[in-house]
Amino acid sequence: MPETQPSRPSPCSIQEEKEPENELPQDLGEFLSSLPKDKDWVLPHLYQYQGFWHSPKYFRGLLACQQHFQPLDTDIILITNPKSGTTWLKALVYACVNRVIYPPNSENHPLLTNVPHDLVPFLELELYNELNHLPDLSSIASPRIFSTHLPYVSLPNSVKDSQCKVVYLCRNPKDTFVSLWHFCNKLRNENQGTLLLEEAFDLFCRGVCINGPYWDHVLSYWKASLELPRKVCFVKYEELQENPFVHVKRLADFLGYSFTLEEEKIGVVDEILKLCSFENLSNLEVNRTGILSHRGGGENQAFFRQGKVGDWVKYLTPEMSDRFDQITRQKFEGSGLDS
Ligand SMILES: Nc1ncnc2c1ncn2[C@@H]1O[C@H](COP(=O)(O)OS(=O)(=O)O)[C@@H](OP(=O)(O)O)[C@H]1O
């Protein structure tokens, strides 16, 4: 991470600025031009800020939420590297904490008609990324659940200083990479063509991907979870797949929404797992044909592909797999983190 950062523009001045559509305000443009840049997987460039790579599309949101987001102690913040299972985590946590008003088997459960991203909005990608507008979050019923892909270093200080809870979901780098590669290729237009797997692999290994380096992102939250176990809960996608019952109960305990024995006995946890399963969510009309209410209205189905552990074997050569293992060993050495 660079020791000194260029001075950043104030998100307020960003708001006041009148800008033509799709153009960055002058001070944000100047700010970006002072940052290191490298190739993006979809747009021309990613920019490095506080040691991590970000899309120019979301810098406004990043800076504005760093400056303005004020969490409540009851807030829940879900954090992931992109393509680590964010959509699943959003569904699970939403269903757990709202299970009294929305029993998981109810016919009008919001998850049946809304993509999880529309129920649990992203701070920097959506809420704080609006031009000339800061969100009014005061009317959202408690517990408010938000999400972010920001690395720990860039998390608003207000989040670190408050009593709000943070859940970090980590997925193994190989499946995360393959999922990201598929996703980005969906976002590329016809003229751009397909981003070759080999090129994406090289960028990912160098840390150049949205919110990358992947390993530094994971490690920063792993360390935070060790230092602040009551604030940061670290969950692995693979463990959630292997034993969802145990891990969802652990999540609910951590968030202060423990299941009672009676709830367990009558199958509330199982109902939540069923509601949020890949099988169920990916087949809902809203997730098959709907579009996001934010971020230019991308297709909801892009968030559901395979939902499996180990799909990477179909894509990575043994050499690529070895390189990933090598980087992972080197980055995670001594941290107690093994995948
Ligand atoms: N319910 C459920 N259960 C298990 N897995 C699921 C679920 N929903 C989405 N997925 C899989 O998660 C991958 C998408 O990652 P994210 O949700 O993190 O995407 S994003 O960062 O919010 O864009 C993507 O993984 P891949 O299938 O490997 O591409 C999705 O299929």
Side-chain angles (χ1 to χ4, degrees), residues 41-42 54-55 57-58 77-96 104 109 111-112 114-126 145-151 167-187 197 200 204 209-212 214 217-218 221 235-245 247-248 251 271-284 286-288 290-316:
W41 299 29
V42 180
H54 301 277
S55 166
K57 270 169 80 178
Y58 301 119
I77 318 283
L78 308 181
I79 310 185
T80 51
N81 249 317
K83 314 324 287 182
S84 297
T86 324
T87 314
W88 189 20
L89 181 67
K90 288 183 177 189
L92 287 169
V93 170
Y94 182 90
C96 279
H109 197 288
L111 278 166
L112 298 176
N114 296 273
V115 66
H117 293 288
D118 281 345
L119 297 174
V120 179
F122 280 103
L123 292 171
E124 78 284 13
L125 309 185
E126 297 167 18
I145 316 172
F146 301 112
S147 69
T148 176
H149 287 319
L150 290 177
V167 178
Y168 185 80
L169 180 65
C170 156
R171 189 181 193 188
N172 78 72
K174 298 174 189 175
D175 282 327
T176 304
F177 163 72
V178 169
S179 184
L180 184 64
W181 177 66
H182 279 288
F183 187 76
C184 288
N185 271 322
K186 278 199 173 147
L187 298 181
L197 184 81
F204 193 91
C209 58
I210 192 98
N211 295 95
Y214 160 92
H217 198 284
V218 172
Y221 284 100
V235 185
K236 290 182 177 171
Y237 180 92
E238 294 74 25
E239 292 179 352
L240 203 49
Q241 285 270 17
E242 198 175 325
N243 203 338
F245 191 90
H247 289 284
V248 164
L251 255 180
E271 290 285 359
I272 288 176
L273 297 180
K274 202 165 108 192
L275 173 66
C276 301
S277 67
F278 182 86
E279 210 55 53
N280 186 53
L281 291 184
S282 62
N283 284 307
L284 294 172
V286 63
N287 296 328
R288 285 196 299 119
I291 55 166
L292 277 181
S293 65
H294 288 85
R295 286 185 283 158
E299 293 179 350
N300 294 342
Q301 63 166 356
F303 298 102
F304 304 90
R305 192 181 61 91
Q306 298 271 326
K308 290 192 178 134
V309 175
D311 185 54
W312 62 266
V313 291
K314 295 191 212 136
Y315 298 90
L316 302 188

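Numbers here simply count residues along the sequence, with the first being 1. Just follow the structure's listing: the first ligand is 1, and inside any ligand the first atom is 1.
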Distance-only N or O hit between ligand 1 and F122, under 3.5 Å: no

Inter-residue atom distance I272.CD1 - S277.OG, 0.5 Å rounding: 12.5 Å

Contact (N/O only, under 3.5 Å) between P82 and ligand 1: no

Straight-line distance of D311 CG to R305 CZ, nearest 0.5 Å: 4.5 Å

Nearest heavy-atom neighbours spanning P151 and H54: CD-CE1, 4.0 Å

More than 12 heavy atoms of other groups within 6.0 Å of K274 NZ: no

Ligand-residue contact atoms, ligand 1 with G307, heavy atoms, under 4.0 Å: 5 (N), 26 (P), 27 (O), 31 (O)

S179: numbered ligand 1 atoms lying under 4.0 Å from its heavy atoms: 13 (C), 24 (C), 25 (O), 26 (P), 28 (O), 29 (O)

Proximal ligand 1 atoms for H149, defined as those under 4.0 Å from one of its heavy atoms: 21 (O)

Under 4.0 Å to a heavy atom of F304 - the qualifying atoms of ligand 1, by number: 8 (N), 9 (C), 31 (O)

Ligand-residue contact atoms, ligand 1 with C276, heavy atoms, under 4.0 Å: 1 (N)

Numbering as shown, the atoms of ligand 1 that approach G85 to under 4.0 Å (heavy-atom distance): 12 (O), 15 (O), 16 (P), 17 (O), 18 (O)

Distance (rounded to the nearest 0.5 Å) between E279 CD and L284 CG: 11.0 Å

Heteroatom distance test (N81, ligand 1): nitrogen or oxygen, under 3.5 angstrom: no

Closest to atom 25 (O) of ligand 1 among Q306, R171, K308, Q241 (heavy-atom distance): R171

Proximal ligand 1 atoms for H117, defined as those under 4.0 Å from one of its heavy atoms: 22 (O)

Contact summary for F304 and P116, nearest pair of heavy atoms: CZ-CD, 4.5 Å

Shortest reach to atom 11 (C) of ligand 1 by a heavy atom, considering only F183, W312, Y237: Y237

Spacing of CG belonging to L273 relative to CH2 belonging to W88, to within rounding of 0.5 Å: 8.0 Å

Lys NZ or Arg CZ of K83 over Y237 ring: under 6.0 Å, within 45°: no

Min heavy-atom dist H182 to ligand 1 below 4.0 Å: no

